[in-house]
S.K.: 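There's a structure below that I have some questions on.
All ligand and atom numbering here is 1-based and tracks the order in the structure.
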Amino acid sequence: MAAQPKKIIIDTDPGIDDAMAIFLALRSPEVEVIGLTTIYGNVYTTLATRNALHLLEVAGRTDIPVAEGSHVTITKGTKLRIADFVHGVDGLGNQNFSPPKGKPIEQSAVAFLIEQAALYPGKITVVALGPLTNIALAIQQDPSFLKNIGQIVVLGGAFGVNGNVNPAAEANIFGDPDAADIVFTSGADVLAVGINVTHQVVLSDADREKLASSDGKFAQYLCKILEVYFSYHRDAYGTKGVYLHDPAVLLAAIDPSLFTYTEGVVRVQTSGITRGVTILYNKHKRFGEETEWTDKPTVKVAVTVNAPAVVKLIMERLMDS
Ligand SMILES: O=c1[nH]cnc2c1ncn2[C@@H]1O[C@H](CO)[C@@H](O)[C@H]1O
């Protein structure tokens with residue numbers, strides 16, 4: 001008998017690469033998307049909700065609930081850093097899509113996360129593609145969430161490399177460093193995939209042409225919205241391709257064997273010039289003194305990725321849609 005698909009909730013701030021990840025999930029028989037929860041990051045939360053509903057309408061999957069997440073950081077910060085220069089002002093490549101017909105469910109993202117984890121104890125994977133506010137709030141608000149949640153797969157961090165917001169910090173962690181530190185030290189089964197790994201997963205110009213020439217519904221849609229993302233990468237990195245952060249991380253939730261991992265304690269700097277930096281203690285040295293890493297739960301952190309296999313799988317699934 002075929003294995004039951006893994007139930008996933010995607011916590012997302014769509015976002016062009018978020019759109020790819022959501023479509024990829026909907027084309028992946030290994031997982032069942034039981035809901036989308038929204039968060040600020042690439043766009044403000046209100047627009048993230050609108051875009052999540054829109055993407056599900058494009059996919060013909062309005063059966064999937066969307067629960068709106070926090071509009072502020074866990075410390076109630078409202079000076080959010082929004083990456084409209086990466087994704088366009090609408091978050092989806094400046095396409096002026098008409099507003100979605102659907103509405104988010106009444107329940108908040110945090111309430112939805114807590115409820116679903118309790119309904120399916122140990123069975124749900126949260127794929128967190130934005131700042132970690134909703135997940136940290138779920139951890140704080142209900143002690144049962146930590147016990148009930150299966151795995152939390154996080155796109156976040158820059159382990160041993162420069163960030164993408166500044167030399168220290170990666171965008172999702174920078175968005176809410178306090179929330180990230182709560183999640184990483186919570187004791188949950190956390191797998192973090194940082195940009196040290198996702199920067200190896202590149203969609204080239206040639207790949208994009210291949211997507212454009214396929215008649216896959218998702219491929220066609222994505223080709224429309226990808227131009228802004230390509231142009232940002234050309235300006236910021238001088239590359240002709242784009243980084244597939246979110247879809248790569250979705251695949252880490254689906255098939256962990258596409259990546260290799262290490263395990264250790266991750267702490268996040270929450271202030272100062274290195275605010276948002278992620279530091280993994282690899283346990284190679286036993287420190288004589290207590291540190292801020294001592295006696296904290298460990299998480300898994302991705303180290304390498306089989307990039308050709310990941311890009312191939314993403315392409316295949318988006319073209320076959
Ligand atoms: O330069 C950037 N600033 C802010 N966000 C970015 C930048 N580049 C990519 N992303 C977005 O942040 C996540 C990965 O860190 C991805 O979701 C990507 O779309």
S.K.: Note down each nitrogen or oxygen pair, ligand 1 side and protein side, whose separation is under 3.5 Å; give only atom names and the distance to 0.1 Å.
M.R.:
residue	atom	partner	partner atom	Å
ligand 1	1 (O)	N164	O	3.1
ligand 1	1 (O)	Y232	OH	2.3
ligand 1	8 (N)	Y232	OH	3.4
ligand 1	15 (O)	N164	ND2	2.8
ligand 1	15 (O)	E170	OE2	2.4
ligand 1	17 (O)	D17	OD2	3.3
ligand 1	17 (O)	D246	OD1	3.3
ligand 1	19 (O)	D17	OD1	2.8
ligand 1	19 (O)	D17	OD2	3.3
ligand 1	19 (O)	H87	NE2	2.9

S.K.: Could you give all pairs that pass the side-chain hydrogen bond (donor to acceptor under 3.5 Å, both in side chains) test and reach residues 237-250, with sequence neighbours left out?
M.R.: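 Sorted pair list: T198-H245.
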S.K.: Within the supplied structure, the quantity of interest is the number of heavy atoms (other residues, nucleotides, ligands) at a distance under 6.0 Å from K123 NZ; does it exceed 12?
M.R.: no
S.K.: With salt bridge (charged side-chain N to carboxylate O under 4.0 Å, His left out) as the rule and sequence neighbours excluded, what pairs involving residues 3-23 come up?
M.R.: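 Matches after skipping sequence neighbours: K7-E32.
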S.K.: Take Y40 and H71 through the ring pair (Phe, Tyr, Trp, His ring centres under 6.0 Å) test and state the conclusion after the steps.
M.R.: CA-CA 7 Å; Y40 59 85; H71 294 251; 8.7 Å; no
S.K.: More than 12 non-hydrogen atoms from neighbouring residues, nucleotides or ligands closer than 6.0 Å to CG on D215, yes or no?
M.R.: no
S.K.: Among residues two or more places apart or on two chains, list those pairs meeting salt bridge (charged side-chain N to carboxylate O under 4.0 Å, His left out) that have a residue in residues 173-185.
M.R.: D181-R267
